[in-house]
Structure formats: C-alpha cells, structure tokens
Protein chains: 2
Amino acid sequence: MKTREKILLASLALFNDEGEANVTTVDIANELDISPGNLYYHFHGKEEIIEELFSAFELELSDILQAPLQKSLSPQDAWFYLYIVFEQLFKHRYLYRNLNDILQRYPDIDRRFRKLLNLKLQAAEAVAEELVAAGILDTTGTPLSRLCDNVVLNLTFWLNYNSLREKNCADEITIHRGVFHLMSLVAPYLTADFRYFYDECCTLFDVLTKDA
Amino acid sequence: MKTREKILLASLALFNDEGEANVTTVDIANELDISPGNLYYHFHGKEEIIEELFSAFELELSDILQAPLQKSLSPQDAWFYLYIVFEQLFKHRYLYRNLNDILQRYPDIDRRFRKLLNLKLQAAEAVAEELVAAGILDTTGTPLSRLCDNVVLNLTFWLNYNSLREKNCADEITIHRGVFHLMSLVAPYLTADFRYFYDECCTLFDVLTKDA
DNA sequence: GTCTATATTAAGATAGAC
DNA sequence: GTCTATCTTAATATAGAC
C-alpha cells in the first residue's frame, strides 16, 4: 500500500479513537513510523487530510442516501437499509463527534455537510412514504416531515448520545442500539397489523445485545 | 462589578458566540480591555474559568431538574417547565456545542455532566408519569423509559441540530422551535381528549415564529 | 520518497514594575 | 489590581541532505 493511502487510513483510525482535535500531524506520522516531513510531502497538512477523508465519506454516503430516491425500497429492506446508513456514519464518527468544531474550521465541509443533511431528510421521507403506502405506517395527524426531521436528528446525534450513556460500548452493540433507537421513534406510528414487528425487534435486540 | 465577575460574563458570551475552542485567554482579555496578565491574576487560565462557569450551570440546572422530583408538576405547568429547561441550556450553549471536546479535556466536568444527564432522565420520567396519571398521555405499548430517553437526547442535541438546519436563527425562535420539537415527540402519545392541545401548539408555534 | 534539523506561529503562563 | 515584557510549550510547516 502506498504511503499516501496509509496516511489516510491511519488518520481516520486516530481521529475516530482520539477525536480529531486531539490528533496532530506528528501523532499520525508516529503511528506510521514515518517522519513528519514525509507526511508533509504527501499532504499539505491536517486540513488536506480531513478534506480528503470527508470527500470519500461524502461520496459513499451520497450513494447510499440516493438509493431510495431512485428505486423504491421494499418495506422488508428498510430495516436492512438503516443498518447500512448507520454503519457508514459509524465509520466516520470522528466527524459527528466534533461536528460544530470541524464545520466551523472548514467552511467548505460545512457547506457540503448541510447538503448531506438535506439528502438524509429526502431519503427518510422517501422511505417513510413507502412504508405509509404499504400500510405499515399510519401518520395521519402528524406531518411526515416532522417525523423525518426527528429521524435525521437522531441519526446525526445518536452516536454522541450513546457515548454519554455508555462510556465503553462495543462497536457492534452501538450500531444495534442506534438502529433500535430509531425503530422506537417510528413505533408509535405502526399500524395495528404491524405492531408485532416492533415487538419482534425488541426481542431480537435483547438477543443481539446480550452477547456483550 | 468586580473584574473577576466581568471575566466570567465576558467568557460565557464569547464561548457562546465563537465556540469555546476558538476563544483564547487573550481574546477574553481584549474583550474587556484588560491585559492577559491581569486575567491570569484572577484565574489560573481558561480551564479555571470553564470550571467555574460549569459549576454555576450545574447548580442552576440541578435546581431546575430536581423541582419535578420533589413536588409534582401540574399538567398545565409542564409546558412552561419545558421553556425553563430550554432557556437554561441555551444560556450555556457553548457547552452543548462542543460537548465531546470539552468532556474529553475536562474529566471532572465529564463526570458531573453525566450526573446531570441522569437527572434530566429522572425529571423527564417524573413529568411523564404525571401526564400519564392525569390521563393526558397514553404510553401503553412503549415503555416510558424509551420515550424519556428520546426526550433527553433531543434536549441535549436540539441546539446543535437547529443550527445545522438554520444557520442564523434568532435566539427566541430557536427556543420556541426546540420546545415545539419536543412537543411533537410526545404528540403521538396524547390521548384523544388532549389531541386538541397539540393542534393548538402548532397554531401558537406558527404565530410565535412568524414575527421573525 | 524519506529523513533530520530547524523555523514559525500562536496559545498558555509568569515575573516584576507600578 | 493592573500593566508590560518575556518565557515556555506544542503544533505546524519547510529546507536541504540522502
């Protein structure tokens, strides 16, 4: 693997583990046993590394979020889809962990992150509309947009909230918990015929998280 | 007003406006037209200022959160109570804006913040139980703790989410929106007799936010 | 491409005069 | 209590040898 690639991978891992603000260019170089000078040969600095990491994240997440807009998701896939989204967010959790800080320091990332947020909203609405059409959800009384707004807020900040509740939570469990937490937001809108589905989720969730 | 007091007030204002990480001891001194040396005479550094600001926040918020645990809140006060909590969080929004960063750098604040989070959960459960007892909420099917968990997550991260959605939102509007957003979480559990209340909230919210 | 050595910068902090 | 002047430290960044 080329040094440039190695720098990106090591940076991502360090940012996720220690928090982006606490990782210096020297830390990254040390992690790879290369000199700081070498790192500066490949990247002009931390800023350029972050921008390149974000670009990769943006590309991958855009693809994921555009899927339900282009081709309608079958209801049984919605559950699986939620895991895909969560895993992508988790892979780049350094971003969500220090969101305001990073967006303030990198105006370009700020602009692009807001675009992604809109895309999240659109994807959530597309999936929700599918579920309503399939008779799985009944949202009469509350506008769909309000529910989706809440889903996106929870998607964006769940990882932060979970690390406040459980300081050392295994990665797998964190993702299960996140998906389940989102399910519970939608649960009150399930039609009577599909209530059993949420109950099954509760049981499954207990099984999945008991291994810990 | 004593210089010490002035430093605390100016720091809080700067932290809220610029983000704690972007404010240096020199910035604070400049804001007050005093020398950095003078600031260091009153405080050992930024750390001590933040710890003192947090202690004040902790004291005030604890009082607010303990109220519904000691004396049951009448249902008509619940709405008003939510405003009190939100305004307190808003006054110290610098903390919520860079939460992970600050908690990582100040282990003592981390410990105490988690305590406050538990207190938030307890207060939410106490209020929710009141509303259930009064026949305003019906939460059969979903455990109350899951709803409260979600309320606390939203309390903690609403300010962040809102500033992602609306970059320059007036303070007043931000708080109205936050309270309304929380209402909409609870709305699906309102009993049929009290549905009208949420509809009234929607109308009121439209009026309150139209002045902007 | 990679290293060592060094320069630059900015924040944090202190000493001593007034 | 407050100021000016100065020191320390850590992070960022570059120059030049190999």
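In what follows, every heavy atom counts, from backbone to side chain, and hydrogens, waters and symmetry copies are set aside. Reminder, nothing fancy here: chain letters follow the sequence lines and each chain counts from 1. As the structure is a computational prediction, the values presented were derived from the model and not from experiment.
Counting to the nearest Å, the P atom of D/dG1 and the CD atom of B/Glu5 are 13 Å from each other. Separating the CD1 atom of A/Ile49 from the P atom of D/dA13 is a distance of 10 Å, rounded to the nearest angstrom. When rounded to the nearest whole Å, the span between CZ of A/Arg105 and C1' of D/dT12 equals 13 Å. When rounded to the nearest whole Å, the span between CE of B/Met1 and P of D/dG1 equals 15 Å. Whole-Å rounding puts the A/Lys6 NZ to C/dT2 P distance at 8 Å. Nucleotide D/dT2 holds its P atom 12 Å from the CZ atom of B/Arg4, rounded to whole Å. If you measure from atom CZ of A/Phe43 to atom P of C/dG1, you get 12 Å, rounded to the nearest angstrom.
Comparing C/dT2, D/dG1, C/dG12 against the side chain of B/His42 picks out D/dG1 as the nearest. Of the candidates C/dG12, D/dA11, D/dC3, D/dC3 carries the atom nearest the B/Ile34 side chain, counting heavy atoms from C-beta on.
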Sequence neighbours left out, cut at 3.5 Å: what donor-acceptor pairs do the side chains of residues 183-190 of chain B make with other protein atoms?
residue	atom	partner	partner atom	Å
B/Ser184	OG	B/His181	O	2.7

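Each of A/Asn98, A/Asp101, A/Asn160 was scored for a side-chain hydrogen bond (donor to acceptor under 3.5 Å, both in side chains) with B/Asn100, with one residue passing: A/Asn160.
Residues of residues 11-23 of chain B having a heavy atom closer than 4.0 Å to DNA chain C: none are found.
Neither OP1 nor OP2 of D/dG1 sits under 4.0 Å from any side-chain N or O of B/Asn38. Dashed line: the shortest gap from a side-chain N or O of B/Thr3 to OP1 or OP2 of D/dT2 is under 4.0 Å.
Using cut-offs of 30° and 60° for the angle between ring planes, the B/Phe197 and B/Trp79 rings count as perpendicular.
Aromatic pair B/Phe86/B/Phe180: ring centres not closer than 6.0 Å. Taking the ring centroids of B/His92 and B/Phe15, they lie at or beyond the 6.0 Å cut-off. In this structure, A/Phe205 has its ring center at least 6.0 angstrom away from the ring center of A/Tyr198.
Residue B/Asp27 is classed as having no contact, given no heavy-atom separation below 4.0 Å to the nucleic acid. Across all strands shown, A/Val26 has heavy atoms under 4.0 Å from base atoms, whether or not it also approaches the sugar-phosphate. Nucleic acid contact class of B/Ser35 (heavy atoms, under 4.0 Å, all strands): base.
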Summary of protein contacts for nucleotides 13-18 of chain C, nucleotide by nucleotide, where a base hit scores B, a sugar-phosphate-only hit scores S (4.0 Å, heavy atoms):
BB----

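In this structure A/Tyr81 satisfies the side chain to side chain contact (heavy atoms under 4.5 Å, CB included) test together with A/Ile64, A/Leu65, A/Pro68, A/Leu73, A/Val85, A/Ala123, A/Val127, sequence neighbours excluded. By the side chain to side chain donor-acceptor pair (under 3.5 Å) test, B/Glu125 pairs with no residue at all, sequence neighbours left out.
Sequence neighbours left out, the pairs with a member in residues 71-96 of chain A that pass salt bridge (Lys or Arg N to Asp or Glu O under 4.0 Å) are A/Glu60-A/Lys91.
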